Q: 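Before we start, here is the structure in question, set down as structure tokens.
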Protein chains: 2
Amino acid sequence: MTVTIKDVAKRANVAPSTVSRVIADSPRISEKTKRKVREAMKELGYHPNFIARSLANQATQVIGIVMPSAAEQALQNPFFPEVIRGISKAAHEKKYALQMSTGEKEVEIYEGVVDMLQGRRVDGVILLYSRIDDKLMKYLQKNKFPFVVIGKPHQKAEQITHVDNDNYLAGKEATEYLIARGHERIAFVGGNKQYLVTVDRLSGYEAALKEAGLPYREDYIMHEEFLQEGGQEAMKELLSLADPPTALVVADDLMALGVLKTLDEMNLRVPDDISIVSFNNTLLAEMSSPPLTSVDIHIFQLGYEATKSLIEKISNPNEPVKRIIIPHRIVERLSCGCYQK
Amino acid sequence: MTVTIKDVAKRANVAPSTVSRVIADSPRISEKTKRKVREAMKELGYHPNFIARSLANQATQVIGIVMPSAAEQALQNPFFPEVIRGISKAAHEKKYALQMSTGEKEVEIYEGVVDMLQGRRVDGVILLYSRIDDKLMKYLQKNKFPFVVIGKPHQKAEQITHVDNDNYLAGKEATEYLIARGHERIAFVGGNKQYLVTVDRLSGYEAALKEAGLPYREDYIMHEEFLQEGGQEAMKELLSLADPPTALVVADDLMALGVLKTLDEMNLRVPDDISIVSFNNTLLAEMSSPPLTSVDIHIFQLGYEATKSLIEKISNPNEPVKRIIIPHRIVERLSCGCYQK
DNA sequence: TTGTAGGCGTTATCAC
DNA sequence: GTGATAACGCCTACAA
């Protein structure tokens, strides 16, 4: 049925191994037989069977992408398509294929990835998140599977290749940006505290307040999902406070969108009544009304670099651990105003 | 190193074939040995090797996703993450994994997919687009590879399982919507005419004009890329006309965004100066200023149904050809006004 | 430079 | 019910 290496061999009057060598373009084969074999391949319409090759090679040339939650949910946030764009570019350059995890709950994802790796479907994986005490990450490390994480590993970060932003600094700068505009009651709206991004940006926020001699208030700290609904929830709670904030550091554009929505419903205006600095600088930040001042973290590059590092690691298991910090920068738009008492 | 079926067999004092049967939960194995074998698997931490299994089975339980262009580019349009969400859900339900094509140019994609299939990396593919005279589609058909397309196949649509909207009708309704509001100079901004979506929506547009006794003007028809830039280009051209349109049917939200951008730069207001009906009803439509009246084509469902159909086809090659039409509906927002002479 | 043979980890077809 | 054994398609020593 399907034409195999043997068929080609017969046709070209050589041994299967010779064909195999031609495929690998081995220098030990004469140009003449190479030509002959290649011609036979053309004539028969031969295509190498990756699966068979993978089995023999113990390598698949496939990289696994692991999302923090069901793709179904994660992909709602433009962060993910954007990282995947970067990943895709780098993978393509090195001729790697991409496979996506598809699990709903955390355990399912965990098992899915374990199967992916143990089942030798992929040569390595990229974690598109980093959370505290992550079972999966520990597993990967223990079993010495090639992987890189986008974000900062919770523990043993010096032993795990990762690509991250300086989220502490970014959080600090975002906050300082608001402080510089006279704000004193600044709230923080972030994702789940399990995520390192949240933790880091929050500490940056905290540091900025401290340096400015402003009080750190528990009731100004919100943790919600990285979705619009999360932002809405957070904003509602903040507005129910006796003295609501005059400015917000929001850790994600999509969340910020939710924040804007709630503010709009409450007839509050941005930046007149409340200022916002957001994160990610996705298209959403540009499009919202008002457009959001947002910290560009270069998502694409995050994915691109992570993939390059992973591939290096796959091809050379002794590759030293790397830590790559992608620069960030605040992109000013219209969501911040000066606070006037 | 890695624990195989043989190791398990030894440990459980059975033959490898028995272990294999236990994995497949064959009814011909006694509960007692099953228990014994399963215990051995636990103890040794056995994980089946998918690759080996695939080779023996001639099936991978992986579905390939084929985008119209480099993922790097396509993923900029929220349409794609959204279909993938649907695909991911259905795939997960049936325990299929997902692999993405990663090619830049059309030829590269073509070859990538051919390799995917011939290399037996995937059991079937989903084309996330449909274009005229598509080489790849012909290839798939000729070689009888399981595939489904999202969109309407150009030729032999009755022989190809596909999931689509009634884009003709949708285009017609969108146009009628504007006509009903008094507009007579209505332009069409679509994607490349190679794409069937574009063609279909355009014919719907044309039909609506005809029925209303309005002239069809070549200079009101724009074909650009499905990106913001495309919308900007189109709008610029339209505005350079002696008598620019008072309303637009734009075949994609992201393009519509570009349109809005250009209009804004020109100090034209929507809907006061120009009305817009867009397509896809992504988050962008909701967020833009003004929010766009947009035709919801239920992207998620498109992906979900396509995947279910593909999996059926993979498991049963004799599955009859299917054509699934996903309903659409216009979601009214603030981008349309009445035309007053 | 090329051929032979064994192995990669499973499944499937026979036997017993 | 369970055990050999031969595929699946390719790669890679080892020979020649």
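Below, chain A is the first sequence line, B the second, and so on; all start at residue 1. Here the structure is a predicted model, which is why all the values come from computation and not from measurement.
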Q: Considering only heavy atoms, which members of residues 26-52 of chain A lie under 4.0 Å from some atom of DNA chain C?
A: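 Here the set is A/Arg28, A/Ile29, A/Ser30, A/Thr33.
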Q: With a 4.0 Å limit, can you tell me whether B/Arg53 has a side-chain N or O closer than that to the phosphate oxygens OP1/OP2 of C/dG9?
A: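 No, outside the criterion.
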Q: Between atom CG in B/Asp25 and atom P in D/dT2, what is the gap in whole Å?
A: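 Spelled out: CG on B/Asp25 to P on D/dT2 is 13 Å.
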Q: Could you tell me whether A/Val14 contacts a base, only the sugar-phosphate backbone, or nothing, with contacts defined as non-hydrogen atoms closer than 4.0 Å?
A: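 Sugar-phosphate, no base atom in range.
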Q: Which pairs, protein N/O on one side and nucleotides 4-7 of chain C N/O on the other, fall under 3.5 Å?
A:
from	atom 1	to	atom 2	distance (Å)
C/dT4	O4	A/Ser17	OG	3.2

Q: Take atom NZ of A/Lys6 and atom P of D/dG9, then tell me their distance rounded to the nearest Å.
A: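 Spelled out: NZ on A/Lys6 to P on D/dG9 is 8 Å.
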Q: For D/dG9, does either OP1 or OP2 sit under 4.0 Å from a side-chain N or O belonging to B/Gln58?
A: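 Looking at the OP1 and OP2 atoms of D/dG9, one of them is under 4.0 Å from a side-chain N or O of B/Gln58.
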Q: Pick base, sugar-phosphate or nothing for A/Asp7, based on heavy-atom distances below 4.0 Å to the nucleic acid.
A: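 No contact at all - A/Asp7 keeps every heavy atom at 4.0 Å or more from the nucleic acid.
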Q: How many angstroms lie between CD in B/Gln301 and CD1 in B/Ile324, if you round to the nearest 0.5 Å?
A: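 Reported value, rounded in 0.5 Å steps: 9.5 Å.
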Q: Give the rounded distance in Å between these two atoms: NZ of A/Lys10 and P of D/dG9.
A: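 Interatomic distance, NZ of A/Lys10 to P of D/dG9: 12 Å.
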Q: How about B/Ser20 and B/Ser17: does a side-chain donor come under 3.5 Å of a side-chain acceptor?
A: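 Checked: B/Ser20/B/Ser17 side chains show no N/O donor-acceptor pair below 3.5 Å.
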Q: Taking CG from B/Asn57 and P from C/dT10, how many angstroms apart are they, rounded to a whole number?
A: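 Result: 12 Å.
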Q: Do NZ/NE/NH1/NH2 and the carboxylate oxygens of A/Glu312 and A/Lys322 come within less than 4.0 Å?
A: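 So A/Glu312 pairs with A/Lys322 through a salt bridge.
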Q: A side-chain contact here means heavy atoms from C-beta on lying under 4.5 Å apart; do A/Met67 and A/Thr102 qualify?
A: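 Counting from C-beta outward, A/Met67 and A/Thr102 never come under 4.5 Å.
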Q: Whole angstrom is fine here: how far is it from CG in B/Leu55 over to C1' in D/dC10?
A: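 Rounding to the nearest Å, CG of B/Leu55 and C1' of D/dC10 are 8 Å apart.
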Q: Once ring pair (Phe, Tyr, Trp, His ring centres under 6.0 Å) is applied, what residue pairs with a partner in residues 98-146 of chain B remain, sequence neighbours excluded?
A: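 Sorted pair list: B/Tyr110-B/Tyr139.
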Q: Is any side-chain N of the basic residue among A/Arg131 and A/Glu106 closer than 4.0 Å to the acidic one's carboxylate O?
A: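 Answer for the salt bridge query: yes.
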Q: Could you check whether B/His92 and A/Glu108, counting side-chain N and O atoms only, form a donor-acceptor pair closer than 3.5 Å?
A: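 Yes, a side-chain donor-acceptor pair sits under 3.5 Å.
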Q: Give a yes or no on whether a salt bridge exists between B/Lys34 and B/Asp25, defined as a side-chain N under 4.0 angstrom from a carboxylate O.
A: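 Counted as a salt bridge, because a side-chain N and a carboxylate O are separated by less than 4.0 Å.
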Q: Is any side-chain heavy atom of A/Glu319 closer than 4.5 Å to a side-chain heavy atom of A/Ile314?
A: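 Heavy-atom side-chain distance check fails, nothing below 4.5 Å.
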